[in-house]
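Quick notes on the structure that follows.
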Protein chains: 2
Amino acid sequence: MELAAAKLKFIEAWGKLGSEWGINRTMAQVHALLLISPEALTTEEIMETLSISRGNANMTLRDLIGWGLIEKQHKAGERKEYFFADKDVWNIARQVAKERKKRELEPVLKVLNELSTVTGDEKDPEFKTFKKSVTDINKLAINVDKTLETMLKAEESWFWGSVLKVFK
Amino acid sequence: MELAAAKLKFIEAWGKLGSEWGINRTMAQVHALLLISPEALTTEEIMETLSISRGNANMTLRDLIGWGLIEKQHKAGERKEYFFADKDVWNIARQVAKERKKRELEPVLKVLNELSTVTGDEKDPEFKTFKKSVTDINKLAINVDKTLETMLKAEESWFWGSVLKVFK
DNA sequence: TTAAACTTTCAAAAATTATTGAAAGTTTAT
DNA sequence: ATAAACTTTCAATAATTTTTGAAAGTTTAA
């Protein structure tokens, strides 16, 4: 496979994966583009390569910065802003995990906590079933939270070393 | 908090979580409803409780069956179909992991594999950067795949016991 | 059969989400 | 100050996803 074709395929695949994971396609594609680019790129270059509008490019870049996946770079003597992506895949994974934990897991844990204070008749099957589901989900969510917490602090080699050794 | 209010809140929260994870809101809500229901419910009851149309209810229930999250039940002497959800949260997590692995991770692994066959000039920064990103992502994806594979086979207590012990 | 009870389909409509692009805003150099 | 270079905003539009509901399909009982 040729490099040019491979790049397109990678951008497409990353975009699809993103959209399956609640990250919009364009955002994932811009990220993909910067990820495989050895040099920081300008808004202009990104707009052209991906055929997207200026407004879209601007908002997407802003979101990616918000996710901690890319950064702005200023070149001496130039007005333009350049953007580049962190190339360390483990950092990327951590960053995504961190953001999703904050945006999604934590609110859910909060609600589950509230819900576990529900009162009712212990003999009522409706009550018992509700309570059990909420409690069980809460336990699972707490375990997931703890695991993510560890991952956020861990070095990649240590993390996979440990996990895969256990699962041998 | 009252049981009735808590149920609504749970259905809402589960629906929101679902939509953040690429599962549509209605599907997640129907799942939530069945999860906290001690009895199997009919399409009619689900339609009413969640104020959704017959067509929507039917398709959603079919999808949930496809995900392995709910099952049909037939009651003796009745024409109607009843639906109930597996209440074991670990099974649910495994089932979701299994489906997403199949639908999302495996296609990505396939593409990454293809992309790692790309040819080019080892001195070209474009090529080097591309190759490194693809290779690194591939390694990460393989580790995720292995971990999921283990999870799919594991008992809940063993799984968390091992993972959390490592992360102590 | 036939008709009632129930399920499925799917084209059209509604709702949601993403994108555009032109105008407004900002910064820098002169 | 002014103008050029660049960035941001946001109302309008487009694209995508979800939902509806009525019609078609299926199963069962008599």
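Below, read A as the first sequence line, B as the second, and so on, with proteins coming before strands; counting in each chain starts at 1.
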Whole angstrom value for the distance that separates C1' of D:dT17 from CD1 of B:Ile23: 15 Å

Donor-acceptor pair under 3.5 Å, A:Arg62 side chain vs D:dT8 base: no

Sugar-phosphate, base or nothing in reach of B:Asn24, heavy atoms under 4.0 Å: sugar-phosphate

N/O donor-acceptor pair under 3.5 Å between A:Lys87 side chain and A:Ser37 backbone: yes

Aromatic plane relationship, A:Trp90 with A:Trp160 - under 30° parallel, 30 to 60° tilted, over 60° perpendicular: perpendicular

Distance test, side-chain N/O of B:Thr26 to OP1/OP2 of D:dT18, below 4.0 Å: no

Whole-Å gap separating C1' (D:dA11) and CE (A:Met59): 11 Å

Distance-only polar pair, side chains of A:Thr26 and A:Gln29, donor-acceptor under 3.5 Å: no

Backbone N/O of A:Lys16 and side chain of A:Ser19: donor-acceptor pair under 3.5 Å: yes

Whole-Å distance separating the CD1 atom of A:Ile65 from the C1' atom of D:dT8: 13 Å

Collect all protein-nucleotide pairs involving nucleotides 14-16 of chain D in which both atoms are nitrogen or oxygen and the distance is under 3.5 Å.
none

Gap between atoms CG and P, on A:Asn56 and D:dT9 respectively (whole Å): 14 Å

Minimum heavy-atom distance B:Gly15-B:Arg25, with the two atoms named: O-CG, 3.3 Å

Spacing between A:Asp63 atom CG and D:dT9 atom P, to the nearest angstrom: 11 Å

Shortest side-chain distance from A:Asn58, nucleotide among D:dT8, C:dC6, D:dC6: D:dT8

Between D:dA5 (C1') and A:Tyr82 (OH): distance, integer Å: 13 Å

Side-chain ion pair, B:Lys9 and A:Glu114, N-O less than 4.0 Å: yes

Test: B:Lys75 cationic atom under 6.0 Å from B:Tyr82 six-membered ring centre, within 45° of axis: yes

Distance-only donor-acceptor check, side chains B:Trp21 and A:Glu104, under 3.5 Å: yes

Rounded interatomic separation in angstrom, taking NZ from A:Lys75 and P from D:dC6: 13 Å

Proximity to DNA chain C (any heavy atom under 4.0 Å), residues of residues 28-55 of chain A only: A:Ser51, A:Ile52, A:Ser53, A:Gly55

Protein-nucleotide distance (A:Lys72, atom NZ; C:dT26, atom C1'), rounded to Å: 12 Å

Polar side-chain atom of A:Glu99 near backbone of A:Val96 as donor-acceptor pair, under 3.5 Å: no

